[in-house]
2 protein chains.
Amino acid sequence: MKNKKVYLSIFFLEKIAPLSSELKQFFQSNITTHIYKKGTVLNESGQLCDSLYFIKKGMIRGYHVIEAKEITTWISIDNELVTSITGFFKNENARETMQTLEDTAVEYISYDNLQKALALFPEMNQIFTALLIEYYIHAENRTLLSRIPSAKGRFHYFLETGNKFLLNRTPHKYLASMLNIRPETFSRILKDFNRED
Amino acid sequence: MKNKKVYLSIFFLEKIAPLSSELKQFFQSNITTHIYKKGTVLNESGQLCDSLYFIKKGMIRGYHVIEAKEITTWISIDNELVTSITGFFKNENARETMQTLEDTAVEYISYDNLQKALALFPEMNQIFTALLIEYYIHAENRTLLSRIPSAKGRFHYFLETGNKFLLNRTPHKYLASMLNIRPETFSRILKDFNRED
DNA sequence: CAATTTCCTTGACATTTGTCAAGATATACC
DNA sequence: GGTATATCTTGACAAATGTCAAGGAAATTG
């Protein structure tokens with residue numbers, strides 16, 4: 001008798017709204033798992049991103065290339081959903097590149113299967129909407145953060161909005177990029193911060 | 001015989017997906033119109049924002065107050081939907097303030113009525129999702145813009161992404177704030193830009 | 001349309017942050 | 001585990017942008 005796999009992403013979705021057993025069964029049959037080595041590019045800017053990933057364990061960043069420089073716009077870790085949102089949800093080519101910053105175990109579902117789920121299971125629409133709102137809020141927070149005038153201000157806002165633990169887990173150059181600060185300046189701000197505190 | 005009012009917002013929604021005549025009728029009965037004087041605050045940070053506005057004609061900005069300074073995060077004009085998204089969609093207190101920058105005619109619908117529409121008319125969910133995705137993309141664009149390192153770079157990205165016409169319509173101090181530039185610097189960059197071009 | 005207020009521009013200067021270079025740490029790889 | 005590579009730190013300096021102040025332009029108000 002075959003063992004049923006346990007998918008963390010299903011638990012994750014259940015916390016948003018209850019899933020019918022049919023929908024759970026659907027996920028059970030359509031989720032794929034994979035482990036990516038640190039540094040792997042999941043999806044390149046300009047390619048179609050047709051997967052929605054759930055990070056079981058690990059870290060992924062999204063970045064854009066502007067004026068020949070990488071600009072990191074988000075970093076996600078364990079128990080978060082990630083995709084190249086603009087590309088995935090409109091089923092168009094992604095504008096950002098996604099890359100793992102640690103060895104990363106993911107569960108994922110394809111665009112087509114997600115659309116199927118939306119068509120077949122009414123409760124899926126509810127979940128999908130809730131997720132979009134959640135993601136919108138993240139985007140709004142990032143927007144606000146990056147408009148704080150001083151580098152120090154952005155750094156502290158970043159810490160105060162629940163990201164402090166990333167200091168010990170993410171290479172600082174990516175945090176610096178996300179905060180629109182040069183690594184050298186980041187290092188200096190961090191020194192001051194550790195001194196005060 | 002009573003004249004049926006013509007609501008631009010209904011045309012706006014029809015462009016996203018077809019509306020059943022029942023849904024159109026529902027909007028017909030539940031849309032309110034209003035004209036706000038320039039400078040009016042529609043919804044203050046910390047208050048519940050329970051309306052989704054469609055700008056018939058005019059201009060509205062959203063801003064946050066951080067470190068005692070106003071930070072404008074978006075500016076919308078004719079034929080756009082606006083609300084304090086985070087607040088409205090989660091039915092929580094808004095974190096931003098919305099203010100008209102011109103005399104502004106709006107059509108709006110309440111949170112409760114929007115929820116009713118979502119419950120009663122399946123096609124409304126489709127529209128709602130499409131709108132959320134559209135708004136997400138806007139937010140992502142703003143995020144990217146504000147992470148461009150140089151003030152000049154942000155200014156040019158702003159122009160190149162279809163906002164040039166705002167130069168002649170929006171007081172520059174708000175554009176400057178949205179681009180995270182001081183008004184004095186904005187003025188200097190603009191002078192250079194006009195010289196070159 | 002005159003008066004008042006707000007907004008924009010310009011100059012001089014201060015401050016922050018970026019740049020470059022070198023050495024120190026940490027991490028990855030054979 | 002030792003070597004190679006990447007990352008972080010620090011200093012000296014340069015460049016970009018912010019700040020302050022004053023005058024001019026534009027818009028608003030009575």
Side-chain angles (χ1 to χ4, degrees), chain A residues 35-41 58-59 61 63 66-72 75 99-104 145-158 166-196, chain B residues 35-41 58-59 61 63 66-72 75 99-104 145-158 166-196:
Chain A
I35 297 180
Y36 291 100
K37 276 275 170 211
K38 174 175 177 174
T40 308
V41 168
M59 187 183 305
R61 73 169 176 133
Y63 67 90
I66 293 214
E67 296 168 5
K69 280 181 189 165
E70 289 183 5
I71 298 180
T72 297
I75 295 172
Q99 180 191 36
T100 56
L101 297 183
E102 297 177 350
D103 291 353
T104 299
L145 166 85
S146 60
R147 275 190 175 76
I148 295 173
S150 74
K152 235 170 265 176
R154 293 194 294 280
F155 178 79
H156 283 106
Y157 186 90
F158 171 76
L166 282 180
L167 278 183
N168 306 313
R169 189 161 162 187
T170 307
H172 292 173
K173 64 172 188 166
Y174 301 119
L175 297 180
S177 172
M178 196 163 68
L179 296 175
N180 200 1
I181 301 172
R182 314 266 72 226
E184 295 92 332
T185 304
F186 188 90
S187 170
R188 292 186 174 107
I189 290 174
L190 187 61
K191 189 167 71 168
D192 288 357
F193 172 72
N194 287 328
R195 193 161 294 167
E196 289 162 18
Chain B
I35 297 181
Y36 291 100
K37 276 276 173 211
K38 174 174 177 174
T40 309
V41 168
M59 187 183 307
R61 73 167 176 133
Y63 67 90
I66 293 215
E67 295 170 4
K69 280 181 189 162
E70 289 183 7
I71 298 180
T72 297
I75 294 173
Q99 180 191 34
T100 56
L101 297 183
E102 298 175 352
D103 291 353
T104 300
L145 166 86
S146 60
R147 276 191 173 77
I148 295 174
S150 74
K152 236 171 263 176
R154 293 194 294 281
F155 179 79
H156 283 106
Y157 185 91
F158 172 75
L166 282 180
L167 278 183
N168 306 315
R169 190 162 162 187
T170 308
H172 291 173
K173 64 171 187 166
Y174 301 119
L175 297 180
S177 171
M178 197 164 66
L179 296 175
N180 199 2
I181 301 174
R182 314 265 74 225
E184 296 92 333
T185 304
F186 188 91
S187 171
R188 292 184 174 108
I189 289 173
L190 187 61
K191 189 167 73 169
D192 288 357
F193 172 72
N194 288 330
R195 192 161 292 166
E196 289 161 19

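Below, read A as the first sequence line, B as the second, and so on, with proteins coming before strands; counting in each chain starts at 1. Any value given below was found using the heavy atoms of this structure, including those in side chains, with hydrogens, waters and symmetry copies removed. Worth saying up front: this structure is predicted, and the values here are computed from it rather than measured.
Looking at heavy atoms from C-beta onward, B:Leu145 lies in side-chain contact with A:Arg147 at the 4.5 angstrom threshold. The shortest distance between side-chain heavy atoms of B:Phe193 and B:His156 falls below 4.5 Å. Side-chain contact between A:Thr40 and A:Thr104 is absent, with no heavy-atom pair separated by less than 4.5 Å.
In terms of position on DNA chain D, the residue among A:Tyr174 and A:Lys191 whose nearest nucleotide sits closer to the 5' end is A:Tyr174. When each of B:Thr170 and A:Thr185 is assigned the nucleotide of DNA chain C bearing its nearest heavy atom, the one mapping closer to the 5' terminus is B:Thr170. Between B:Leu190 and A:Arg182, the residue anchored closer to the 5' end of DNA chain C is B:Leu190, taking for each the nucleotide with the nearest heavy atom.
Distance CG (A:Asn168) to P (D:dC8): 12 Å, rounded to an integer number of Å. When the P atom of D:dC8 is taken as reference, atom CG of A:Asn194 falls 14 Å away, rounded to whole Å. Following rounding to the nearest Å, A:Phe155 (CZ) and C:dT17 (P) show an atom-to-atom distance of 13 Å. Residue B:Glu70 contributes atom CD, which lies 10 Å from atom P of C:dC7 at whole-angstrom precision. The NZ atom of B:Lys152 sits 11 Å away from the C1' atom of D:dA15 (whole-angstrom rounding). For the pair A:Arg195 CZ and D:dT10 C1', the computed distance is 12 Å after rounding to whole Å. Separating the CD1 atom of B:Ile181 from the C1' atom of C:dT16 is a distance of 16 Å, rounded to the nearest angstrom. As rounded to whole Å, 17 Å separates atom C1' of D:dA16 from atom CZ of B:Phe186.
When distances are taken from the side chain of B:Lys173 to each of D:dC8, C:dC7, D:dG18, the shortest belongs to C:dC7. Checking D:dC8, C:dT17, D:dT19 against every side-chain atom of A:Pro171, the shortest atom distance belongs to D:dC8.
For B:Arg188 against D:dG18, a side-chain-to-base donor-acceptor contact under 3.5 Å is absent. Within 3.5 Å, a donor on the side chain of B:Glu184 pairs with an acceptor on the base of D:dC20, or the reverse.
B:Tyr157 and A:Ile66 get closest at one heavy-atom pair: CE1-CD1, 3.9 Å. Nearest heavy atoms, B:Ile189 versus B:Ile181: CD1-CD1, 4.3 Å.
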For nucleotides 25-30 of chain C, just jot down a letter per nucleotide in 5' to 3' order: B, S or -, based on protein non-hydrogen atoms under 4.0 Å. ---S--
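Between B:Phe155 and B:Phe186, the ring planes are perpendicular. Angles over 60° get that label, and only those under 30° would be called parallel.
Salt bridge A:Lys38/A:Asp103: absent, no basic N to carboxylate O contact under 4.0 Å.
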